[in-house]
Undergrad: 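My questions will all concern the structure given below.
The first residue of the sequence shown is numbered 1, and numbering continues consecutively from there.
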Amino acid sequence: MLNPFPELLMYSSVGPLVLRVLLGLIFIDLGFLKFRSEKEAWLVSLETLGLRPADLFLPIYALLQIASGVLLLIGLLTQIAALILVILSGIELYIEWRAREILKRDVVFYLLIFIISLSLLLTGAGAYAIDIPL
């Protein structure tokens with residue numbers, strides 16, 4: 001079947017750009033929430049999962065999210081940042097699935113950011129990135 005809008009295909013690198021910027025902003029926000037309003041809930045969830053000391057793991061986890069989000073935002077090392085975020089969003093998806101009462105978000109939210117991260121891992125940075133393949 002023919003593409004109904006073939007002229008739009010010349011903008012195909014804009015799709016990963018939009019996903020990259022959106023996901024970067026989401027993970028920067030999620031990282032900062034772990035330092036502020038969601039800190040206690042995350043400490044409880046990490047203790048419940050047996051990750052001790054949770055006081056050590058939580059800042060590392062939050063900093064990984066913030067750093068990966070910034071890398072996505074500027075388009076630097078996009079596939080590495082996306083791989084890290086695939087792992088982190090998979091962890092959060094598992095936590096939400098196992099202990100829905102601890103966190104406030106829905107499983108669908110974590111599944112969506114997992115799939116977007118996986119998409120960026122497979123497709124790359126898109127337009128306006130530092131690591132555009134030559």
Side-chain angles (χ1 to χ4, degrees):
M1 178 171 200
L2 295 175
N3 192 325
F5 304 108
E7 58 276 353
L8 292 179
L9 294 177
M10 65 187 280
Y11 301 108
S12 63
S13 65
V14 175
L17 166 70
V18 172
L19 293 176
R20 179 173 53 85
V21 169
L22 175 69
L23 194 66
L25 292 173
I26 288 172
F27 273 102
I28 290 169
D29 182 54
L30 288 175
F32 279 118
L33 285 174
K34 286 175 182 58
F35 284 120
R36 295 188 207 139
S37 61
E38 294 182 357
K39 183 176 183 176
E40 294 304 318
W42 273 97
L43 288 173
V44 169
S45 68
L46 291 177
E47 288 285 337
T48 303
L49 291 172
L51 295 172
R52 293 182 182 90
D55 292 337
L56 174 67
F57 284 113
L58 186 60
I60 293 170
Y61 190 67
L63 287 174
L64 268 173
Q65 285 186 326
I66 293 169
S68 297
V70 168
L71 288 174
L72 282 183
L73 203 58
I74 63 175
L76 180 63
L77 302 173
T78 301
Q79 289 182 307
I80 294 171
L83 177 61
I84 291 168
L85 294 178
V86 163
I87 294 167
L88 295 181
S89 60
I91 291 169
E92 291 194 22
L93 181 63
Y94 176 76
I95 290 171
E96 182 65 27
W97 178 65
R98 295 291 292 171
R100 291 182 183 220
E101 65 279 353
I102 294 176
L103 300 177
K104 300 175 190 170
R105 291 176 203 75
D106 194 12
V107 172
V108 175
F109 171 76
Y110 291 112
L111 183 61
L112 181 64
I113 60 174
F114 176 80
I115 295 300
I116 293 172
S117 301
L118 185 62
S119 171
L120 288 172
L121 175 64
L122 298 175
T123 62
Y128 304 107
I130 295 171
D131 58 353
I132 295 176
L134 300 175

Undergrad: To the nearest 0.5 Å, what is the distance between CD on Gln79 and CG on Asp131?
TA: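 Atom-to-atom, Gln79:CD and Asp131:CG are 7.5 Å apart.
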
Undergrad: What about Leu9 and Leu2, same hydrophobic cluster or not, with Ile/Leu/Val/Met/Phe/Trp/Tyr joined at side-chain heavy-atom distances under 4.5 Å?
TA: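 No, separate clusters.
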
Undergrad: In this structure, would Ile80 and Val70 fall into the same cluster of hydrophobic residues linked by side-chain contacts under 4.5 Å?
TA: no

Undergrad: Restricting to non-hydrogen atoms, name the atom on Ala54 and the atom on Leu46 that form the minimum distance, rounded to 0.1 Å.
TA: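 That closest heavy-atom pairing would be CB-CB, 3.9 Å.
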
Undergrad: Can you tell me how far apart CG (Leu112) and OG (Ser117) are? Round to the nearest 0.5 Å.
TA: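 Between Leu112 CG and Ser117 OG, I get 9.0 Å after rounding to 0.5 Å.
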
Undergrad: Please answer: with hydrophobic residues joined when any side-chain heavy atoms are less than 4.5 Å apart, are Leu8 and Val14 in the same cluster?
TA: yes

Undergrad: Can you check whether Leu118 reaches Leu121 side chain to side chain, under 4.5 Å on heavy atoms?
TA: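 Yes. Closest side-chain heavy atoms under 4.5 Å.
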
Undergrad: Which distance, rounded to the nearest 0.5 Å, do you find between the CG of Leu120 and the CG of Leu17?
TA: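 Between Leu120 CG and Leu17 CG, I get 10.0 Å after rounding to 0.5 Å.
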
Undergrad: Could you tell me if the side chain of Trp42 sits less than 4.5 Å from the side chain of Glu92, heavy atoms only?
TA: yes

Undergrad: Indicate yes or no for a side-chain donor-acceptor contact from Ser119 to the backbone of Ile115 under 3.5 Å, with no hydrogens or angles considered.
TA: no

Undergrad: If we only count heavy atoms from C-beta on, is the Leu85 to Ile113 side-chain gap below 4.5 Å?
TA: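 With C-beta onward as the side chain, the pair stays apart.
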
Undergrad: What residues form a side-chain contact (heavy atoms from CB on, under 4.5 Å) with Ile74, not counting sequence neighbours?
TA: Leu76, Ile130

Undergrad: Pairs under 3.5 angstrom only: tabulate donor-acceptor contacts from the side chains of residues 18-27 to other protein residues two or more places apart or in another chain.
TA:
| residue | atom | partner | partner atom | Å |
| --- | --- | --- | --- | --- |
| Arg20 | NE | Ala125 | O | 2.9 |
| Arg20 | NH1 | Leu72 | O | 2.9 |
| Arg20 | NH1 | Leu73 | O | 3.3 |
| Arg20 | NH2 | Ala127 | O | 2.8 |
| Arg20 | NH2 | Tyr128 | O | 3.2 |

Undergrad: Going from CD1 on Ile91 to CZ on Phe114, what distance comes out if it is rounded to the nearest 0.5 angstrom?
TA: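 So the CD1 of Ile91 and the CZ of Phe114 are separated by 11.0 Å.
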
Undergrad: Closest approach of Ser13 and Pro16, non-hydrogen atoms and distance?
TA: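 Where Ser13 meets Pro16 most closely, the heavy atoms are O-CD, 3.5 Å.
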
Undergrad: Just wondering, do Leu30 and Tyr61 contact through their side chains at under 4.5 Å, heavy atoms?
TA: no

Undergrad: Quick check on the hydrophobic clustering: are Val86 and Phe109 connected, directly or via other members, by side-chain heavy-atom contacts under 4.5 Å?
TA: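 Per the 4.5 Å side-chain linkage, Val86 and Phe109 are co-clustered.
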
Undergrad: Where do Ala129 and Gly75 come nearest, in terms of heavy atoms and distance?
TA: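 Looking at all heavy atoms of both residues, the shortest contact is CB-O, 3.6 Å.
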
Undergrad: Measure across Glu7 and Met10 and return the closest heavy-atom pair with its distance rounded to 0.1 Å.
TA: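 Result for this residue pair: O-CG, 3.1 Å.
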
Undergrad: Once rounded to the nearest 0.5 Å, what's the spacing between atom CD1 of Ile60 and atom NZ of Lys34?
TA: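 The NZ atom of Lys34 is 14.0 Å from CD1 of Ile60, to the nearest 0.5 Å.
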
Undergrad: Honestly curious: do Leu122 and Ile84 fall in one hydrophobic cluster under the side-chain, below-4.5 Å linking rule?
TA: yes

Undergrad: To check you understand the geometry: which heavy-atom pair defines the closest contact between Phe35 and Ala62, and what is its length?
TA: CE1-CB, 3.6 Å

Undergrad: Might you confirm whether atom CZ of Phe32 has over 12 heavy atoms from other residues, nucleotides or ligands at distances under 6.0 Å?
TA: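 Count not over threshold, so no.
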
Undergrad: What heavy-atom pair brings Ala81 and Ser68 nearest, and what distance separates the two atoms?
TA: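 Scanning both residues completely, I find the closest heavy atoms to be CB-O, 3.8 Å.
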
Undergrad: Can you tell me how far the CD atom of Glu96 sits from the CG atom of Leu111, to the nearest 0.5 Å?
TA: 12.0 Å

